[in-house]
Amino acid sequence: MMKRPRVLTESTIRALWRRLGLAWLAVVLVVGVHQVHFWEAPRIESDVLALLPEDARDPSLAQATRRIADAHVRQMVVLLGAADAAGLESATLAWRDSLRLSDQRATLPFSENPAMQDWFERAHAFYQPWRGHLLTSGQRQRLREVPVEVLVQEALAALYSPMGAPRLTPMQADPLNLWPAWWQARAARSGLQLDADGLLHAEGQVWRILQLETRDSAFALDGERRIATALDEAAAAARVVVPQLRELRTGVPLYAEAAAVQASHEINLIGFGSLAGILLLTWLAFHSLRPILLMALSLLVGLAGALSLTIWVFGQVHLLTLVFGATLVGVAQDYGIHWFASRLGHADTSRWSLLPWLLPGMLLALATSVLAYLALGLAPFPGLRQMALFSVAGLAGAFATVLLWFPWLEHEPPRATILSRHVMGWLTRWPRLGADPPSLVVMAGVSILTLAGLWQLRSNDDLRSLQALPPELIVQQRELDRILGLPSPAQFYLVQAGDADTVLRREEALTARLSDLVGQGLITGYRAVSDWLPSSARQEEDAALSARVESQVLAGISARTGESLQRPALARTPLDPDTWLASPASRPLRSLWLGTLGEGVASVVMVEAQGGDALLGRLASQVEGLEGVRWINRTAEYSELLGHYRRMMAWFGLIGLVLVQVAVFWRYRGRSWRALAPTVLAGACTLALLGWLGQPLQLFNVLALLLLLGLGVDYGIFLLEYDGDDSAWLSVCIGAGTTWLSFGLLALSFTPALRAFGLTLLIGIALVWFFSPFFRPREMMARVDDGVSAHQ
Amino acid sequence: MSAGFRHGGPMRWRRCALSIILTLATLFAALAQAMEAPSAGTDGDALHQVQARVVQAAVLRGHFEQEKQVEGFRNPLRSEGRFLVSREHGVLWITEKPFPSELVLTREHIGTRDAAGRLRIEVDTRRQPGLASINTALFALMAGDVTALARHFELEARLESDTDWQLRLVPRAGALQQAFRQIVLEGDTHVRRVRIDDRNGDQTLLRFSGLLDEPAQLDDEEAARFD
């Protein structure tokens, strides 16, 4: 029933295919070698923020955000809480013992941070020479305003009192005992109350703060719970000692590990789930081992090629790309299925003769899918670009394998099975829509329901749709933030200037305002470098003031006691940023100092506060009139960005629709709308369904619809290209089934974004499959002639 | 997020402040502890003998002389004044010579009274919950909680004669150990002398005299000083 194309003879095709097949073999070998190398030391990114676009309008902000993130990439904090200090001490010992034993069994990827344990002693020793340069604002005011005689009286009273002598230096080195109060002010600003043994008292319990850091080399994300397991065991060991012990933990490595564990679970679920489904369907449809093996080969080549190309372009691959990429298994098999379905339906035709007949439809289907995936990459989200590239490469790899190798590797067409005969039989019984009353009633009904659903659709661009942390980690982080009063890294002040000292001066103007907010109880504290490293102007001013007043006070005390007390010499020059940064004292604060950024120098001031939008507005308004200071709210910015791209991608979707229409029009002319209609209708119905279900519309639903356009049009094309050919219908059914399975499994993902993506495609693909046969033309067309004329 | 600088922070300063508070607490804890009757089955235990010898009182008033040897000073700093310990209210430490000053210690705060009579709060335990537990401990000590005292110090009691005794307190660990070498109390029916040896070499000697257990109630003027 098929007409052979006149241009290509079987032998010329064979000769051409031999060369193409060998060329493809060379490509596949290169990919294979690369894959072996990659899996020896996989470079896999897990930070969700890496998926988000960098702010192109403001590169220095993007850089600042990256440095803030980098500073915490290795840190973890564990809090142990017990009713009393003695119990807590023994629990801590048990906890440390357990970790030491774990480490002896197999080296742990982290260790307790030792540098912090004697931090105060080292920091105090470092700061000592600049004691006179460092005053609190209250001290500065007192030294300026209170008469020297009053200060002398106070100093004497303190000297004779049994209570007046908590000092860090000998009396004459700090006669007014300003130094302890300076340290205490730093501590009060941190909002944390530690007792003499370094224990924290909060929420009616005593807590021990343990800081952990991952080792440089040993930390690789391999989908195993190494850190979490070791910490679980340590907590269990500590609970043997104190059964009511509370343990809270947080830190980027924990999140990364949890994400890796989850992703590896999902990759396996989606990848192997889809694969199993495909192999089962293939077996049911063809009852033969060879199609199964060849399909697996095409998928393997496709996925390996995708991974290699992604790594080659991006340098590494993101975990979520792999999760998303796993759905490719369900999409890329369409070509193989189509090949075998055609072979089944045209068993009497030689496979070389089948090629020219199959090629146009398959190429068009590939083109629309590739276009759709590429459209995902239009948004400047690095993650989406990776996913788009991965998918396009995977599809192309599978396509090339099917087209170039299958004719060589497959010699016998598969036999029809009960399932394939059954499925192929459906098509003739499927109704076609026309201008008759039943069709019109159905169309009107569907239209009304769809419009009603679309009316209810609401959008939501919350950044949280990207986060997929295990709930227990989120709960623990919230508790930890509350107990420790940790500042949020998503909101901060960015202070910029041409040089370091100006940055510090600008910080001081800002922190003066923040101190007022602390006084009003609006925020609990803030963290700023200038608190620990004042500007040189302020230091010089304070040094002069303290030197003058303290000398007078010492003279006064000497006169009353008959002693001759002398103020020992202190540093002559202010503490400078380089010295400070190089010292152990700056270690906990170094992450706030961004250093050279763009043209100048920058630092970050973080705020510790618990509050809603009203407080955020208040904090934002603090920068008014301050030069070089900006309030940055990353959460709000990301949500704004997600909303912006949601609208942008919706427009791209409409443009894509027009482009696909043009592409199919070029081949099908007046019937071309029939290829597109099922997909458009399915897309509208999917949106309506989201509206009815009360699901918010997000960027990821829109992206899924974009992909639906690319995948769904294939079914319309196959049915239009090979109208009345039941083997095309068989391939559409099996293809839709496996695609459906892949995205259905993606809908089980813990990442809300991927879940939204999967759910949208789950509904969409099912609807396109269901709608497509309705839109076949009613009158039989001279399709083969059309096909051939389009060839020429 | 790094919880870095929170960890070390001003701990050492807190330790010092704490040490002073505990010194005072210890002083009177010794008295208070002595108020407890010795428990059965520990006869011969010197510690309990000391406890048995000291008179129990709800309020104790007295006069003190203090001699402080401070680094950098050629001569010891001498001062004197009076004090009041109330199990209910806390401690008043009133230095009269050579410079008047007043220290007030209650459950809620530690404060000093200036020349104009205004109380300045140095430590507010409600705002510094870390110190609240210390203050609670302090009052537990004043109520004679030997267990609490023994948690912070090793106690070494020696009976000098039929009436006189000596009690040596050596800090066990941590904060107190960094501040003090030892605290030595001497007395009979009351504590008469205290010597505090600081880790840095400073030394404080206290002598008590004119100790009165009566009246057991505070008068209005005394009670007002705690507010």
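Just so it is clear: chains get the letters A, B, ... in the order the sequence lines come, proteins before strands, and each one is counted from 1.
- At least one donor-acceptor pair under 3.5 Å links the side chain of B/Arg74 to the backbone N or O of A/Gly562.
- Within the 3.5 Å criterion, the main-chain N or O of A/Met171 finds no donor-acceptor partner in the side chain of B/Glu71.
- For A/Gln566, no part lies under 4.5 angstrom from a heavy atom of chain B.
- Taking CG of A/Leu156 as the reference point, atom OG1 of B/Thr95 lies at 12.0 Å (rounded to 0.5 Å).
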For this session: Take A/Thr561 and B/Asn75 through the side chain to side chain contact (heavy atoms under 4.5 Å, CB included) test and state the conclusion after the steps.
Result: CA-CA 9 Å; A/Thr561 55; B/Asn75 302 309; over 6 Å; no
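- Heavy atoms closer than 4.5 Å to chain B are found nowhere in A/Ser558, neither backbone nor side chain.
- Residue contact with chain B, scored on non-hydrogen atoms closer than 4.5 Å, is absent for A/Gln477.
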